[in-house]
Engineer: 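This is the structure, below, for whatever I ask next.
In each ligand, atom 1 is the first atom listed, and ligand 1 is the first ligand listed.
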Amino acid sequence: MGKALIIGAGGVASVVAHKCCQNPDVFEEIMIASRTKSKCDALKEKLDGGETKVSTAQVDADKVGELVELINGFKPDIVINVALPYQDLTIMDACLETKTDYLDTANYEPPDTAKFEYKWQWAYRDKFKDAGITAVLGCGFDPGVTGVFSAYAQKHEFDEINYIDILDCNGGDHGYPFATNFNPEINIREVSANGSYWEDGKWVETKPMEIKREYDFAQVGKKDMYLLHHEELESLGQNIKGIKRIRFFMTFGESYLTHLKCLEDVGMTSIEPIMYEGREIVPLQFLKAVLPDPATLGPRTVGKTNIGCIFIGKKDGKDKTYYLYNVCDHQECYKEVGSQAVSYTTGVPAMIGAKLVLEGKWKKPGVFNVEEFDPDPFMDELNKQGLPWIEDFDPVLVD
Ligand code: NDP
């Protein structure tokens, strides 16, 4: 059916590439292109030579010119951006110039301010519309599946959704005292920032990790979880009618938080450049270099993730609660595609989103968050592609 250009060769890209190769009818050809070509080649080696034709290339995705040249050479139907959030705008510019559809899993973040929001990418709405091409924003798990779950709940289960709590639990254990499950720089920027939630049409800000709750997660057990700012709060706040409050909670273990606090206290999580032996370095980037590479955690991580959304609202004039979630086993993911569940739960939805664009089911000119598309074909694919969902019509609520 079509060709996909995957940009990035990290943990998430590896899952996207494996899953594209499992769907050769849709992805006849893929190209994996990243800054370090040897990583693309190593990934290609791991793909089990199915019917999908695989090639690799080197590209600096910060440079629009290089991207345009690559796209013009390969002529993909869609670009799947699973590099880092810093590359979103340059890749969108290249897609515009070459009139190619676009999909990513994380919203743009300027490298020098730890602040992520959609305004930079939403500014491309008219340009994509005029060019007749589709951009799907935030199509991982959270953001991504959480938005699809919200659209599904709105379409089938509620007349009005008033409250959403997104709960992201990673009950996995990799055996290291401290490591992050995806890109350490992006992860630490996210969790060390102030928290916030959306209430009555405005943001309520909290100190980092200020709001803590305990929740008993199905198939995982009791975990402490903390309120964080998260990017889908911004788009869901606009796209879910009748919404009064949306919060996002993520679980963290004691060891992770103690290490993080210590690293923060000594300045290792700072993104302000410092001079070291005559050379400018960013402490957080140096920290990333000494931490375990998330792509190597697969073989050693055991346990499960449980990510989903609790909805509270009204149906036929009555109060209603509804919990939609997925449970994913780290070792099962490793057996299937050689990655742990955090990369898996991000990469599978990215492939599904791209598949739906290629199939024309999620194709419309403009820039969209996932909840703006029909959730039904995506929900079907989740069940088929390794992320089945579970419904609970009487969930325990978060106070
Ligand atoms: P990794 O750090 O493992 O991989 C990132 C890849 O991008 C690397 O291969 C890196 O190349 C490449 N890259 C970085 N800069 C450039 C550049 N200028 N040009 C070309 N390639 C570049 O990250 P992950 O795979 O863990 O995460 C990928 C994305 O997924 C991130 O944006 C992350 O925020 C997002 N994510 C989304 C989630 C969701 O649920 N929505 C959850 C988890 C992650 P090199 O190898 O040379 O460094």
Side-chain angles (χ1 to χ4, degrees), residues 5-18 31-44 56-67 70 79-91 94 103-109 111 114 116 121 136-149 166 168 170 179-191 228 230-233 235 248 250 284-285 288-289 291-298 305 307-308 326 328 337 339-353 369-370 387:
L5 171 62
I6 300 168
I7 301 188
V12 177
S14 170
V15 176
V16 173
H18 276 90
M31 176 183 272
I32 306 159
S34 190
R35 186 165 53 187
T36 314
K37 185 166 180 288
S38 56
K39 287 197 189 170
C40 307
D41 293 332
L43 172 53
K44 183 183 167 185
T56 62
Q58 196 278 329
V59 72
D60 180 352
D62 290 325
K63 303 206 169 88
V64 180
E66 281 192 27
L67 288 162
L70 185 72
V79 175
I80 305 175
N81 168 16
V82 276
L84 296 179
Y86 317 128
Q87 279 82 51
D88 287 3
L89 301 186
T90 44
I91 299 177
L103 177 142
D104 67 30
T105 65
N107 67 12
Y108 177 68
E109 194 172 331
F116 48 94
Q121 291 181 279
V136 183
L137 304 185
C139 197
F141 205 105
D142 43 343
V145 176
T146 50
V148 174
F149 281 176
I166 302 171
D168 179 332
N170 182 3
T180 63
N181 292 294
F182 67 99
N183 185 283
E185 192 186 331
I186 305 297
N187 181 229
I188 291 173
R189 280 166 72 127
E190 179 176 274
V191 303
L228 295 186
H230 223 244
E231 60 194 65
E232 65 266 55
L233 305 187
S235 67
F248 181 96
M250 190 178 272
L284 181 56
Q285 286 171 3
K288 174 180 184 257
L291 286 176
D293 177 353
T296 63
L297 298 178
T305 60
I307 320 174
N326 162 264
C328 193
V337 298
S339 302
Q340 34 83 0
V342 175
S343 301
Y344 190 89
T345 52
T346 311
V348 172
M351 181 283 292
I352 293 175
N369 293 88
V370 291
L387 294 176

Engineer: Checking Ala42 now: which residues fulfil side chain to side chain contact (heavy atoms under 4.5 Å, CB included) with it, not counting sequence neighbours?
Structural biologist: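 Side chain to side chain contact (heavy atoms under 4.5 Å, CB included) list for Ala42, sorted by chain: empty.
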Engineer: Which word best sums up how the rings of Phe141 and Phe149 line up, parallel for under 30°, tilted for 30 to 60°, or perpendicular for over 60°?
Structural biologist: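 Plane angle over 60°, so perpendicular.
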Engineer: Sub-3.5 Å donor-acceptor pair from the side chain of Thr90 to the main-chain atoms of Gln87, do we have one?
Structural biologist: yes
Engineer: Without swapping roles, check the side chain of Asn81 against the backbone of Leu103 for a donor-acceptor pair under 3.5 Å.
Structural biologist: no
Engineer: In order of chain and number, which residues sit within 4.0 Å of ligand 1 by heavy atom?
Structural biologist: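 Shell around ligand 1 (4.0 Å, heavy atoms): Gly8, Ala9, Gly10, Gly11, Val12, Ser34, Arg35, Thr36, Lys39, Val59, Asp60, Ala61, Asp62, Val82, Ala83, Leu84, Pro85, Gln87, Thr105, Ala106, Gly140, Phe141, Asp142, Pro143, Phe182, Asn183, Ile186, Thr346.
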Engineer: Quick one: closest heavy-atom pair of Asn181 and Leu297, and the distance?
Structural biologist: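 Result for this residue pair: OD1-CD1, 3.9 Å.
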Engineer: Hey, does the side chain of Glu231 reach the backbone of Asn107 with a donor-acceptor pair shorter than 3.5 angstrom?
Structural biologist: yes
